[in-house]
**Q** 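Below are the structure tokens for one structure; questions will follow.
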Amino acid sequence: MDSTEQTINSSSFIITVYVGYFTIITGLIGHIINILVFTQLKTFRKNQSAFYLTVGSFVDCWQLIFATTTRTVASTVGYDPTKTSLAWCKLRTYLSISGSVVLTINQCFSAIDQYLSTNHYPRLRQISTYKLAQRAVSGLLIYAIIYDIPFLIFEDIQIICATFNPGFNYFFSFIHFCLINGFVPIFISSLFSFLAYQNVRRLVQRHIALVRRRLDQQLTAMILVRVALFAITTIPYICFRIYQINNPVDQTNEFAVAVDQLIRSCFNAVYTMNNSGGFYVYYATSARFRRQVRRALFQKNLCKCITKKVTKIKVAHGIPPVQAIKPAILN
């Protein structure tokens with residue numbers, strides 16, 4: 001192995017491991033905060049758009065654990081079980097692609113729902129309901145489980161874990177990456193998030209409560225920047241994967257494999273930002289969301305901690321809790 005090849009392999013290792021661990025840690029922390037904010041604050045409860053964002057955070061965590069973490073750990077220890085275990089090769093591919101399909105279509109659902117909920121036509125607004133969102137996500141999960149079964153069948157090991165059936169590779173590159181999990185979902189989510197943004201700009205003309213108007217404006221902006229992150233990080237990766245599937249590298253050529261691994265590491269690092277950057281684009285673009293994060297993390301939880309400590313001190317000193325003495329005071 002010459003010095004150039006060593007340099008390329010070292011660069012691939014640095015990008016995969018260091019960037020990988022950074023995105024995993026920051027991404028999981030960010031999505032945990034997202035879930036806390038969307039589930040603890042009354043503002044977002046029973047709100048269908050917030051429900052889609054919550055589902056997206058859960059699926060992003062799934063992707064970071066089963067797709068990014070497994071790849072990063074394999075590079076760290078220098079052993080990739082997907083090259084030796086056919087069962088793990090099939091299972092890892094199935095889990096990561098299932099999560100990717102759910103995440104992509106859920107992104108479309110959130111953009112479409114926000115367009116409907118902010119529309120000036122009452123009939124279209126009535127379509128957007130929390131119950132419909134729950135049913136849509138349930139149907140999406142069932143669809144992803146069934147849709148990804150062919151990957152369990154065609155995934156195989158020939159030096160690397162990949163699909164080698166020409167017919168399925170055609171489906172994988174031009175149907176899956178273009179129609180199901182790529183360009184078409186990106187176009188749909190971008191279109192409806194932009195239309196929702198246009199709807200929000202006309203909210204002033206409608207006589208609705210100020211609180212509802214501000215919530216619609218906030219959620220529309222959050223969905224718009226999330227779709228932008230999704231498009232920017234996904235399009236380069238999809239283009240590379242389509243080329244890679246239809247032009248496989250000769251695995252006996254070590255230099256070509258090293259270059260391919262470096263390029264793939266770069267595109268993977270960019271694509272992983274789609275799974276790890278949701279919280280940070282929300283936090284950077286929405287002042288209201290920043291206040292909500294502070295409230296969910298500090299004010300609300302701090303009040304709970306203080307209440308529990310005060311209750312414990314009262315019990316230790318034989319003082320009944322406030323709730324217990326309220327009836328006596330009222331009488």
Side-chain angles (χ1 to χ4, degrees), residues 23 27 30-31 34 38 47-60 63 97 99-121 124-125 127-128 132-133 136-137 139-140 143-144 147 173-203 215-243 267-286 288-289:
T23 54
H31 289 304
N34 278 344
F38 294 139
N47 183 284
Q48 55 273 19
S49 297
F51 175 74
Y52 285 121
L53 294 179
T54 306
V55 172
S57 290
F58 274 110
V59 180
D60 277 324
Q63 288 295 93
I97 292 181
S100 178
V101 169
V102 172
L103 186 65
T104 300
I105 300 180
N106 181 75
Q107 193 71 54
C108 294
F109 284 170
S110 65
I112 295 172
D113 177 85
Q114 193 62 20
Y115 164 74
L116 294 174
S117 64
T118 57
N119 202 283
H120 61 282
Y121 290 108
L124 292 180
R125 291 201 302 272
I127 298 175
S128 173
L132 177 62
V137 172
L140 174 58
Y143 166 76
Y147 168 80
S173 56
F174 297 108
I175 305 299
H176 174 76
F177 277 125
C178 291
L179 298 179
I180 307 298
N181 203 42
F183 296 118
V184 172
I186 290 173
F187 173 77
I188 292 174
S189 57
S190 301
L191 174 64
F192 280 96
S193 61
F194 177 76
L195 292 176
Y197 177 75
Q198 295 296 320
N199 288 341
V200 165
R201 295 181 64 182
R202 293 193 292 265
L203 283 179
L215 179 61
D216 284 338
Q217 291 173 341
Q218 177 191 2
L219 289 173
T220 302
M222 291 170 64
I223 290 173
L224 182 62
V225 296
R226 184 66 182 87
V227 169
L229 176 67
F230 168 58
I232 292 171
T233 57
T234 303
I235 290 175
Y237 176 79
I238 290 174
C239 295
F240 170 71
R241 288 291 288 143
I242 292 174
Y243 175 82
F267 281 104
N268 281 336
V270 174
Y271 181 65
T272 307
M273 293 179 186
N274 178 49
N275 301 125
S276 63
F279 165 77
Y280 301 98
V281 294
Y282 300 155
Y283 196 85
T285 57
S286 175
R288 193 164 187 244
F289 183 73

**Q** Does a sphere of radius 6.0 Å around OH in Y147 hold more than 12 heavy atoms from other residues, nucleotides or ligands, not counting ones at 6.0 Å or beyond?
**A** yes
**Q** Does I223 reach the side chain of D113, with side-chain heavy atoms less than 4.5 Å apart?
**A**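 Side chain of I223 against side chain of D113, heavy atoms only: no contact under 4.5 Å found.
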**Q** Within a radius of less than 6.0 Å around CZ of F183, do more than 12 heavy atoms belonging to other residues, nucleotides or ligands occur?
**A** yes
**Q** Any sub-3.5 Å donor-acceptor pair from H31's side-chain atoms to G56's backbone N or O?
**A** no
**Q** Taking all non-hydrogen atoms of both residues into account, name the closest pair between P185 and C178 and its distance.
**A** CD-O, 4.2 Å
**Q** Measure the spacing between CG of N199 and CD of Q217 and express it to the nearest 0.5 Å.
**A** 12.0 Å
**Q** Return the OH to CG distance between Y237 and N268, rounded to the nearest 0.5 Å.
**A** 5.5 Å
**Q** Would you please test D216 and T118 for side chain to side chain donor-acceptor pair (under 3.5 Å) and show each step?
**A** CA-CA 7 Å; D216 284 338; T118 57; over 6 Å; no
**Q** Keeping R241 on the side-chain end and S173 on the backbone end, is there a donor-acceptor pair under 3.5 Å?
**A** no
**Q** Does the side chain to side chain contact (heavy atoms under 4.5 Å, CB included) test come out yes or no for T272 and Q63, once each step is laid out?
**A** CA-CA 9 Å; T272 307; Q63 288 295 93; over 6 Å; no
**Q** Do you know which two heavy atoms are closest between I238 and G182, and how far apart they sit?
**A**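 Smallest heavy-atom distance, with atoms named: CD1-CA, 3.2 Å.
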**Q** Of the non-hydrogen atoms in A144 and V102, which two are nearest, and what is the gap between them?
**A** CB-CG2, 3.5 Å
**Q** Working to the nearest 0.5 angstrom, can you tell me the gap between S110 OG and F51 CZ?
**A**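 Output value for this atom pair is 12.0 Å.
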**Q** Kindly compute the distance separating OG (S117) from CG (N47), expressed to the nearest 0.5 Å.
**A**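 Going from OG on S117 over to CG on N47, the span is 7.5 Å.
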**Q** Does F194 have more than 12 heavy atoms from other residues, nucleotides or ligands lying within 6.0 Å of its CZ?
**A**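 Atom CZ in F194 is not packed in, count stays at 12 or less.
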**Q** Find out whether Y143 and V101 are in side-chain contact, i.e. whether some heavy atom of one side chain is under 4.5 Å from a heavy atom of the other.
**A**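 Answer yes - side chains close enough.
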**Q** Do you know which two heavy atoms are closest between L229 and G278, and how far apart they sit?
**A** CD2-N, 4.0 Å
**Q** Could you go through the side chain to side chain contact (heavy atoms under 4.5 Å, CB included) check for Y282 and L53 one step at a time?
**A** CA-CA 11 Å; Y282 300 155; L53 294 179; 3.4 Å; yes
**Q** Measuring from T104:OG1 to L140:CG, what's the distance to the nearest 0.5 Å?
**A** 9.5 Å
**Q** How long is the straight-line distance from CG of L219 back to CD of Q48, given to the nearest 0.5 Å?
**A** 9.0 Å
**Q** Going by heavy atoms in the side chains, are S193 and Q114 under 4.5 Å from each other?
**A**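 S193 vs Q114: side chains apart.
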**Q** Taking side chain as C-beta onward, heavy atoms only, is L103 less than 4.5 Å from N274?
**A**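 A side-chain contact exists here, since the closest heavy-atom pair is under 4.5 Å.
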**Q** Test of understanding: with salt bridge (charged side-chain N to carboxylate O under 4.0 Å, His left out), list the residues that count as partners of D60, not counting sequence neighbours.
**A** R226
**Q** C108 versus F192: any side-chain heavy-atom pair under 4.5 Å?
**A**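 No, their side chains stay 4.5 Å or more apart.
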**Q** Might you point out which heavy atoms bring F289 and N34 nearest each other, and give the distance in Å?
**A**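 In this case the closest contact between F289 and N34 is CZ-OD1, 3.4 Å.
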**Q** Examine F279 together with Y283 and report whether their ring centres are nearer than 6.0 Å.
**A**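 Yes, they do, as the ring centres are separated by less than 6.0 Å.
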**Q** Work out which heavy atom in Y280 is nearest to a heavy atom in G30; give both atom names and the distance.
**A** OH-N, 3.9 Å
**Q** Less than 4.5 Å apart, side chain to side chain, heavy atoms only: is that true for Q107 and I186?
**A**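 Not in contact.
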